[in-house]
J.: 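Pasting in a structure now, in structure tokens, and then I'll have a few things to ask.
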Amino acid sequence: MMYSIKKSFMAVLAGSALLLAACGGGGGDTKSGESKDGQKSGDKKVLNVGTEATFIPFEFMEKGEVTGFDVDLLNAVAEEAGYEVKIENTGWDAMLAGLQGGQIDIGMAGITMTDERKKTYDFSKPYFESIGMIAFKEGADIKSAEDIKGKKIGVQNGTTGQFNAEEVVGENSPDISKYESAALMFQALQSDNVDVVVTDKAVAEAYKKKYPDSNIQTITDDKAFAIEHYGIAFQKGSELKAEFDQALDTILDNGKYAEIYKKWFDGAEPDIEALRKAAKE
Ligand code: ARG
């Protein structure tokens, strides 16, 4: 009860902050929602972007700024498409609500393109491949997804981590605790409030690396968890989708994507062919 009241309050807060930001923008900002024609030659149109910035290495706060793979990628794609982006750490729920309500033009938060979400939002072509991962403290003896049964499970509310966990232990399982952000979920694991968390592969690995003293172990289970793809989220019917898809293609082709990928993934080469293939599916 408290939880949902607090959440909707937060959503309203975040929503009004965005509105204020949109009104007080001044300068050459073109307000979102206006016709996109005309304004593009001089000042670039500024798009409002929402995110949940505790999802390392995709988006996280550093010196008061949102940074990460998603941020670099979105900036590159937007620049290619001729837009400017203003990225705000709105939180997950407010991001999705803002997209639906029209205060937010773009959601960029390692968002998995699920069939359910495709009913409400439009997505770009896939820009990253992921799969569910279980993180736990050393000694918890987790070898497959089945082993989370009977454990205290932490997930980020409304994410595929939650859906993956529910597939294994049931939708209304009292063993699942839902947290508002990825950071709160990992904190719960570190402080032993939960035994395991179910999240995304690259993020579990990044937390494990960032907190070496927490003895975090990770496993995935490709029988239980499906391959996921992240997409840039737009309002349903948004004209931005076509423009951003084209810009993303350019960046995949010209080496910019690979450059950004290497920067955030220890110099690893991205599998661009796999992304292209997934775009056709
Ligand atoms: N990929 C997962 C999903 O879409 C988790 C995304 C969580 N993102 C975040 N910035 N916390 O459900």
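Whatever order the structure lists ligands and atoms in, that order sets their numbers, starting from 1.
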J.: Hey, could you give me the CE/OG1 distance between Met133 and Thr218, rounded to the nearest 0.5 Å?
T.: 4.0 Å

J.: Write out each pair where an N or O from ligand 1 and one from the protein are under 3.5 Å apart, with the distance.
T.:
unit_1: ligand 1; atom_1: 1 (N); unit_2: Gly110; atom_2: O; d: 2.8
unit_1: ligand 1; atom_1: 1 (N); unit_2: Thr112; atom_2: OG1; d: 2.8
unit_1: ligand 1; atom_1: 1 (N); unit_2: Asp200; atom_2: OD2; d: 2.6
unit_1: ligand 1; atom_1: 4 (O); unit_2: Thr112; atom_2: N; d: 2.8
unit_1: ligand 1; atom_1: 4 (O); unit_2: Thr112; atom_2: OG1; d: 3.3
unit_1: ligand 1; atom_1: 4 (O); unit_2: Arg117; atom_2: NH1; d: 2.7
unit_1: ligand 1; atom_1: 8 (N); unit_2: Ala109; atom_2: O; d: 2.8
unit_1: ligand 1; atom_1: 10 (N); unit_2: Glu52; atom_2: O; d: 2.9
unit_1: ligand 1; atom_1: 10 (N); unit_2: Glu59; atom_2: OE2; d: 3.3
unit_1: ligand 1; atom_1: 10 (N); unit_2: Ala109; atom_2: O; d: 3.2
unit_1: ligand 1; atom_1: 11 (N); unit_2: Glu52; atom_2: OE1; d: 2.7
unit_1: ligand 1; atom_1: 11 (N); unit_2: Gln156; atom_2: OE1; d: 2.8
unit_1: ligand 1; atom_1: 11 (N); unit_2: Gln156; atom_2: NE2; d: 3.4
unit_1: ligand 1; atom_1: 12 (O); unit_2: Arg117; atom_2: NH1; d: 3.3
unit_1: ligand 1; atom_1: 12 (O); unit_2: Arg117; atom_2: NH2; d: 2.9
unit_1: ligand 1; atom_1: 12 (O); unit_2: Thr160; atom_2: N; d: 2.7
unit_1: ligand 1; atom_1: 12 (O); unit_2: Thr160; atom_2: OG1; d: 3.4

J.: Looking at Lys263 and Asp72, is any side-chain nitrogen of the basic one under 4.0 Å from a carboxylate oxygen of the acidic one?
T.: yes

J.: Do the ring planes of Tyr121 and Phe123 sit parallel (below 30°), tilted (30 to 60°) or perpendicular (above 60°)?
T.: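 It falls in the perpendicular class, over 60°.
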
J.: Does Lys152 reach the main-chain N or O of Val196 with its side chain, forming a donor-acceptor pair under 3.5 Å?
T.: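 Side chain of Lys152 to backbone of Val196, a donor-acceptor pair under 3.5 Å: no, none is there.
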
J.: How many angstroms lie between CG in Leu184 and CG in Asn157, if you round to the nearest 0.5 Å?
T.: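 The CG atom of Asn157 is 11.5 Å from CG of Leu184, to the nearest 0.5 Å.
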
J.: Once the angle between the rings of Tyr230 and Phe55 is folded into 0 to 90°, is it parallel (under 30°), tilted (30 to 60°) or perpendicular (over 60°)?
T.: tilted

